[in-house]
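The residues of the chain are indexed from 1 along the displayed sequence.
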Amino acid sequence: MPLDASRNSLVMPLLGLLVEQPAHAYDLTARLQSRYAHLRVTRSTVTTLLKSMERAGTIAARPPARVEGRPPRTAYELTSAGVADFSGRIEAGLRDAPPASIDFVLAVSYAGLLPAVRVAAILQARADRLAGETGPRHEELPEVYMLEADYWRAVVTAEIDWIRRLAARIQSHDILWPAS
C-alpha cells in the first residue's frame, strides 16, 4: 500500500461503491472482491482505507448497527467533500493515469458520473497527449533489441484508438449518458 493511503488504487472503487449505498467494511470487501477480481483486496486494507478516508473527511461513519443478528457494524457514507473528491479522482484518472494502468481502467468505469461533454474533452486531450508520447522508432538498432519498445508503442496506440472511438461515441450521443 502506498505511504499515502489516498493514493491506493482501491480508494476509487470504494468511493464508487459508497456512491451506490452506505456500507460497512465486510460488505465493501465482498463487493470489491466480486467486482474487481483483478485487484488485491483484503478486509484489513479496506478497514485501514475507510479509517483514513474518514479522517480525511471524504466519508462519515454512521452509528454502529446490528444487521440480521450479527455483531454491530459501522457503515460508512460519502460526505459532500467525498463526492467532490471522487469526481476529481475520476477526472484525474481519465486525464493523468499512465497508459494501460488499472487507475485508468477504474476512472473509465466511473466516467458516467461526470458530464458527457467533460469526459469526451478529457479523453480527447488524453489521446492527443499520448499520441505525442509514443516516441520515434529506433531504426538505427536491430529490431530484436527494441521489441519491448515496439510492444509498448502497440499497447499505447491501441489505447489511443480506443479512447478516440469512445470520445466520438460520447460526442455523437451513441452512448446513453446518465450525467449531464
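A heavy-atom distance below 4.5 Å is found between the side chains of Leu39 and Leu10. Under the 4.5 Å side-chain criterion, counting only non-hydrogen atoms from C-beta, Arg89 is in contact with Leu15.
Residue Ile170 comes nearest to Ala116 through the heavy atom pair CG2-O, 3.4 Å, listed as atom of the first residue, atom of the second, then distance. Shortest non-hydrogen contact noted between Ala167 and Leu123 is CB-CB, 4.2 Å.
Distance CE/Met12 to CG/Asp85: 9.0 Å, rounded to 0.5 Å. To the nearest 0.5 Å, atom CG of residue Asp150 and atom OG1 of residue Thr157 are 9.0 Å apart. Note: Leu166 CG to Glu159 CD = 11.0 Å, rounded to the nearest 0.5 Å. One finds the OH atom of Tyr76 at 13.0 Å from the CG atom of Leu78 (value rounded to the nearest 0.5 Å). Here the straight-line distance linking atom CG of Leu28 with atom CD of Gln21 works out to 8.5 Å at 0.5 Å rounding. In this structure, OH on Tyr145 lies 13.5 Å from CD on Glu140, to the nearest 0.5 angstrom.
Placement of Leu147 and Trp152 in two distinct hydrophobic clusters is found when ILVMFWY residues are connected by side-chain heavy-atom separations under 4.5 Å, directly or transitively. Connection of Val155 to Ile163 is established within a shared hydrophobic cluster, with ILVMFWY side chains joined at heavy-atom distances below 4.5 Å, either directly or through further cluster members. Cluster membership check: Val83 shares its hydrophobic cluster with Val19, using side-chain heavy-atom separations under 4.5 Å among Ile, Leu, Val, Met, Phe, Trp and Tyr.
For residues 161-172, the side chain to side chain donor-acceptor pair (under 3.5 Å) pairs, not counting sequence neighbours, are Asp128-Arg164, Arg169-Asp174. Among pairs with a residue in residues 104-116, none fulfils salt bridge (Lys or Arg N to Asp or Glu O under 4.0 Å), at least two apart in sequence or across chains.
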Name the atoms and distances for all side-chain donor-acceptor pairs under 3.5 Å in residues 51-64, with sequence neighbours left out.
residue: Thr58; atom: OG1; partner: Met53; partner atom: O; Å: 3.1
residue: Arg62; atom: NE; partner: Glu77; partner atom: OE1; Å: 3.1
residue: Arg62; atom: NH2; partner: Glu77; partner atom: OE1; Å: 3.1

Only pairs under 3.5 Å count here: list side-chain donor-acceptor contacts from residues 92-104, not counting sequence neighbours, and write none if there are none.
residue: Ser101; atom: OG; partner: Pro98; partner atom: O; Å: 2.7
residue: Ser101; atom: OG; partner: Phe104; partner atom: N; Å: 3.2
residue: Asp103; atom: OD1; partner: Ser9; partner atom: OG; Å: 2.8

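Side-chain atoms of Trp177 do not come within 3.5 Å of backbone N or O of Leu113 as any donor-acceptor pair. Looking only at distances, a side-chain donor or acceptor of Thr29 sits under 3.5 Å from a matching main-chain atom of Ala25.
Residues satisfying the side-chain contact (heavy atoms from CB on, under 4.5 Å) criterion with Glu20, sequence neighbours excluded, are Leu17, Arg31, Arg35.
Side chains of Thr48 and Thr45: no donor on one and acceptor on the other come within 3.5 Å.
Annotation: cation-pi pair Arg43/Tyr26 absent, no NZ/CZ under 6.0 Å from the ring centroid and within 45° of its normal.
For NE2 of His173, the number of neighbouring non-hydrogen atoms (other residues, nucleotides, ligands) closer than 6.0 Å is 12 at most. Counting heavy-atom neighbours within 6.0 Å of Arg40 CZ, excluding the residue itself, gives a total of 12 or less.
Between Tyr36 and Tyr110, the two ring planes are tilted [angle within 30° to 60°].
Under a 4.5 Å side-chain heavy-atom cut-off, the cluster of Ile, Leu, Val, Met, Phe, Trp and Tyr residues that includes Leu141 is completed by Met146.
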